[in-house]
Protein chains: 2
Amino acid sequence: MGTTQLETVPEPKYWHLKTVLSEALDSEFAVGEILPNERELAARFGVARATLRQALEQLELEGRLQRRRGVGTTVAPPRVGVDVGSESGPHTWPGAPGDAWHTDDHACVAAPSTVAQLLDVDTEAPVHAVRRSRMTGGQQVASEILYVPADTVPAVPTDAEGAEGAGGTTHPTARARTVLRALHQCELGGQDRTVELGSARADDARRLDRLPGAPVLVVTTRYLVDGRTAAVSLATYRADTCRLSFSDGDAMSLMAS
Amino acid sequence: MGTTQLETVPEPKYWHLKTVLSEALDSEFAVGEILPNERELAARFGVARATLRQALEQLELEGRLQRRRGVGTTVAPPRVGVDVGSESGPHTWPGAPGDAWHTDDHACVAAPSTVAQLLDVDTEAPVHAVRRSRMTGGQQVASEILYVPADTVPAVPTDAEGAEGAGGTTHPTARARTVLRALHQCELGGQDRTVELGSARADDARRLDRLPGAPVLVVTTRYLVDGRTAAVSLATYRADTCRLSFSDGDAMSLMAS
DNA sequence: AAGTGGTCTAGACCACTAC
DNA sequence: TAGTGGTCTAGACCACTTC
């Protein structure tokens, strides 16, 4: 008799709520529009605020919503496709002319253990750390640290070797550019990448205008010279707003939506 | 006098908790070991269970923990690196000999709107949908649907054209293999990939042994023939256990950890 | 100062697994 | 049946943005 379903699957409330909201977003809201606040939405749907928030969290994770403390919840634009280097074709060093990154900063630090392992250097050994950022449409979408062991670019002095002693304190950004220039002297033998889910550390979160712990896509790139790992880059992309694209050189047509 | 910090940054409890737990995992627990249950952990740290759960959720997101209803919370092994096709070198069709996937199933369905858009077919038009799954270490890590428009493989009958009428009902798996074989006849002109964060739909969640809404990495691959999109694959990887690797052909050394 | 989302609490009950 | 994690509630207070 067309009885639809005998409650065999008690779907969680927040899951159902998410579906309802998702459809409402498609049909009744425009991008950038601001939703009613959480307390009102919860009341309207007859659920506790925590339950409503569980649904909103999921929608934000999927890039449908954007929530900002003190402001409100808005309908997010479709995810932007960010090109993460064409894998076919020749590989290039970071900082090559015309790449999408801005060079920010430089320091000499001890590499994090995971990076030290990839670089095959001692955990204590200081390495160059070049910080870069990537903008798209006025928004910062990614933050990167490029780790370069001292012996990959022997011509560049480390802080410890008195870069500030001789010739005055050079600007961090200038030092960063020096490291990149030195890298370009090496012949890049190859590279490989991995992508995984992570949560933003406090500093990255601030840079990406998110709260600490926000979901991010972590792209780890290993740069090879003579079969050896000459540098490692750790790039952190906003998972809510980005779709990483590994486009073919041949197939650079646009993937809409 | 060594006063460390004057509460200028009131770190959230769950964030601090996450740090503490993370360090405890490194030093005091072995992979696979089962943690005390949530009620006890919450009591031990003097927080509400919801707060404790917020910390656990983050750690699970980062692949440090694995929680299973009715069982408990265990320490997760390091993420497995799953190779998502070497991008350099010749591209291959799915189902090529030696690939990591198992062919499961076949149906003729209307493509989801996002896929229809990529394929440039009408939303209503039925397309072949081949379902495949990928195992690693006894665990299913990914679930894929390959959408192939009827006119890419004209030799293969769609359900509507009476595949079941003539010659008896063929097995779904057999039909799936037929579609793949037909694909291999076409000359693959290129491909491109995108990676983004998503949440598992109910069916994928079941297959991946997760709850609905679990975070997944969605890999969208477009296969090109004569500059036209001849097929689209939507692959869903468990974000908690997988690290996607886009290895170079030259650089197939192992990325540990 | 008013209004927003973010954090936190202390409970309750449910769905699932294993014994 | 006992024990686990998953869902849900009704409230409180906090941090932040905006006016």
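Computed from heavy atoms alone, side chains included, the values below leave out hydrogens, waters and symmetry copies. All chains are named by letter (A, B, ...) in the order of the sequence lines, taking the proteins before the strands, and each is independently numbered beginning at 1.
A nucleotide of DNA chain D counts as in contact with chain A when one of its atoms lies under 4.0 Å from a heavy atom; the first and last such, 5' to 3', are dT7(D) to dT17(D).
Contacts of Arg49(B) classified as salt bridge (Lys or Arg N to Asp or Glu O under 4.0 Å), with partners at least two apart in sequence or in another chain: Glu38(B). Applying the side-chain contact (heavy atoms from CB on, under 4.5 Å) rule to Asn37(A) yields the partners Arg39(A), Glu40(A); only residues at least two apart in sequence or on another chain are considered. The side chain to side chain donor-acceptor pair (under 3.5 Å) search around Thr123(B) returns none, not counting sequence neighbours. Not a single side chain to side chain donor-acceptor pair (under 3.5 Å) links Asp105(A) to another residue, sequence neighbours left out. With sequence neighbours left out, the side-chain contact (heavy atoms from CB on, under 4.5 Å) criterion links Thr73(B) to Leu35(B), Leu65(B), Arg67(B). Under the side-chain contact (heavy atoms from CB on, under 4.5 Å) criterion, Ala142(A) pairs with Trp101(A), Arg134(A), Tyr237(A), not counting sequence neighbours. Partners of Arg201(A) under the salt bridge (Lys or Arg N to Asp or Glu O under 4.0 Å) rule, at least two apart in sequence or in another chain, are Asp203(A), Asp204(A). For Arg69(B), the side-chain contact (heavy atoms from CB on, under 4.5 Å) partners are Leu211(B), not counting sequence neighbours.
Here the C1' atom of nucleotide dC16(C) and the CG atom of Asp209(B) are 12 Å apart, to the nearest Å.
Taking 4.0 Å as the cut-off between side-chain N and carboxylate O, Asp99(A) and Arg132(A) count as a salt-bridged pair. Ion pairing of Arg210(A) with Glu60(A) is present here, as a side-chain N (NZ or NE/NH1/NH2) and a carboxylate O approach within less than 4.0 Å. Ion pairing of Arg131(A) with Asp104(A) is absent here, as no side-chain N (NZ or NE/NH1/NH2) approaches a carboxylate O to less than 4.0 Å.
Contacts between residues 42-62 of chain B and DNA chain D, defined by a heavy-atom separation under 4.0 Å, are made by Arg49(B), Arg53(B).
Taking the screw axis at each terminus of the helix from dA1(C)-dT18(D) to dA18(C)-dT1(D) from five consecutive base pairs, the angle between the two is 10° to within rounding of 10 degrees.
Annotation for Arg207(A): atom CZ counts as buried by contact number, over 12 foreign heavy atoms lying within 6.0 Å.
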Can you pull every protein N or O that's under 3.5 Å from an N or O on nucleotides 1-4 of chain C?
unit_1: dG3(C); atom_1: N2; unit_2: Gly70(A); atom_2: O; d: 3.3
unit_1: dT4(C); atom_1: OP1; unit_2: Asn37(A); atom_2: ND2; d: 2.8
unit_1: dT4(C); atom_1: OP2; unit_2: Asn37(A); atom_2: ND2; d: 3.2
unit_1: dT4(C); atom_1: O2; unit_2: Gly70(A); atom_2: N; d: 3.1

